[in-house]
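Everything below concerns the one structure shown next.
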Amino acid sequence: MSSATASARSNIALVKYWGKSGSGDNRTAVPSLSLTLAALTTRTRVELDAALVEDEVELDGTAVTGKARERVVRVLDELRTLGGKRERARVRSHNDFPTASGLASSASGFAALVVAGSAAYGLGLSSAEQSALSRRASASAARSIFGGWTELLAEAESASELFPADHLDLKVVIALTTLGPKAVGSTSGMLQTQATSPYYPAWVSEAPALFERAKRALAERDFPSLGQAMEESTLMMHASMLAARPALVYLRAATLDVLERVRQLRADGISAYATMDAGPHVKVFVPSREAPSVEAALRGTTGVEKVVVSGPGGGARVEAG
Ligand code: 2P0
């Protein structure tokens, strides 16, 4: 019986992916740029068992069924095809952060599944091949194969690492404003935006220039310009969501209060910049030396339930044992 355990960390996009390309295969319509985070980890064990008649999937101790299970089975089917294997698998996955809440659990989840699964099925895949398999399951997962600063270009087959985790000395202060699952998942949310938002074409046409600005600022270690481009990307993405029919409103009152607090911190001379994904939480990028004061400020903001501070993290990997 072959088995493997892998860990993968979540990633936060500074320049966002929101929209699928017309060429299909879950390729992205826009380029994205992300940072892999040390603190948000998924650990997944894949165990092959010839006695199983179908794949068994469990997340945080609960059986995964329906569409969520089918997404996992599709990845396992691809791995079996590549390896010429037939055995079904038992998949046990654990997140150390709230699942389906806008903290990108699908990114770390599918990256960990692909890495554990390819080891269990005995495939010697390159990182680019693992990234491509992850992307087909969930595009943001393509980026979590790599550590540090990663890009996934529009239409690309796989993501690639731009700079290592220590390229900038910073922390991400995550303000969780609501615990529990969100109302509309990312996949359906972006399809709804794409199909109905009059602002979606503007989002797609603005995204490449924003991506180039952010990438240049990152290369030059120009944190304020990077932060500025990051804030523009998240607000443009949310503008496209808000203009969807029906509107996609992931932002909560507490989300806006945190954004306001970040603007005040900047006015007070603290270099802090905010980003949100398809959820109500706010992730604030700050130079490491500022992290304790920003953490305290966010803990003291109304509606903030929990604060997690993370440094940049490494790529997905097979765990020992
Ligand atoms: C991102 N998000 O770039 C953007 C920003 C959410 C907002 O990638 O349909 O779960 O599985 O490819 O990767 C979340 O979308 O979507 C996401 P699918 P995914 O991080």
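Each ligand, and each atom within it, is numbered from 1 in the order the structure gives.
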Out of all atoms in ligand 1, which are within 4.0 Å of some heavy atom of Ser106? Include the element for each. 10 (O)

Check this for me, if you would: do Asp55 and Arg69 make a salt bridge, where the nitrogen-to-carboxylate-oxygen distance has to be below 4.0 angstrom? no

Ion pair present between Glu70 and Lys67, side-chain N to carboxylate O less than 4.0 angstrom? no

Taking only non-hydrogen atoms of Lys20 and a 4.0 Å limit, the atoms of ligand 1 in range are 9 (O), 12 (O), 18 (P)

Is it true that the side chains of Ser23 and Glu155 contain a donor and an acceptor less than 3.5 Å apart? yes

Side chain or backbone of Met276 under 4.0 Å from ligand 1, or both, or neither, by non-hydrogen atoms? neither

Does even one non-hydrogen atom of Arg135 get within less than 4.0 Å of ligand 1? no

Please work out whether any backbone atom (N, CA, C, O) or any side-chain heavy atom from C-beta onward of Ile12 is under 4.0 Å from ligand 1, and answer side chain, backbone, both or neither. neither

State yes or no: do Met241 and Met276 share one hydrophobic cluster built from I, L, V, M, F, W and Y residues joined by side-chain heavy-atom distances below 4.5 Å, directly or via other members? no

Should you measure from each heavy atom of Ala13, which atoms of ligand 1 turn up under 4.0 Å away? 1 (C), 3 (O), 20 (O)

Using heavy-atom distances only, which candidate in Ser144, Ala139, Ala141 approaches atom 12 (O) of ligand 1 most closely? Ala139

From the options Pro31, Ser186, Gly19, select the one whose nearest heavy atom is closest to atom 15 (O) of ligand 1. Ser186

Is it the case that the side chains of Ser288 and Asp169 hold a donor-acceptor pair, with the cut-off being a distance below 3.5 Å and no angle test? yes

Using the salt bridge (charged side-chain N to carboxylate O under 4.0 Å, His left out) rule, take Glu220 and Lys215 through it: C-alpha gap first, then chi angles, then the decisive distance, then the call. CA-CA 9 Å; Glu220 292 169 357; Lys215 195 170 160 176; over 6 Å; no

Looking only at distances, can you tell me whether any N or O atom of Ser32, backbone or side chain, sits closer than 3.5 Å to an N or O atom of ligand 1? no

Just do the salt bridge (charged side-chain N to carboxylate O under 4.0 Å, His left out) check on Asp77 and Arg74 with the steps written out, would you? CA-CA 5 Å; Asp77 282 340; Arg74 271 200 297 277; over 6 Å; no

Would you check the N or O atoms of Lys16, main chain and side chain alike, for any that come under 3.5 Å of an N or O of ligand 1? no

Among the heavy atoms of Met241, does any lie under 4.0 Å from an atom of ligand 1? no

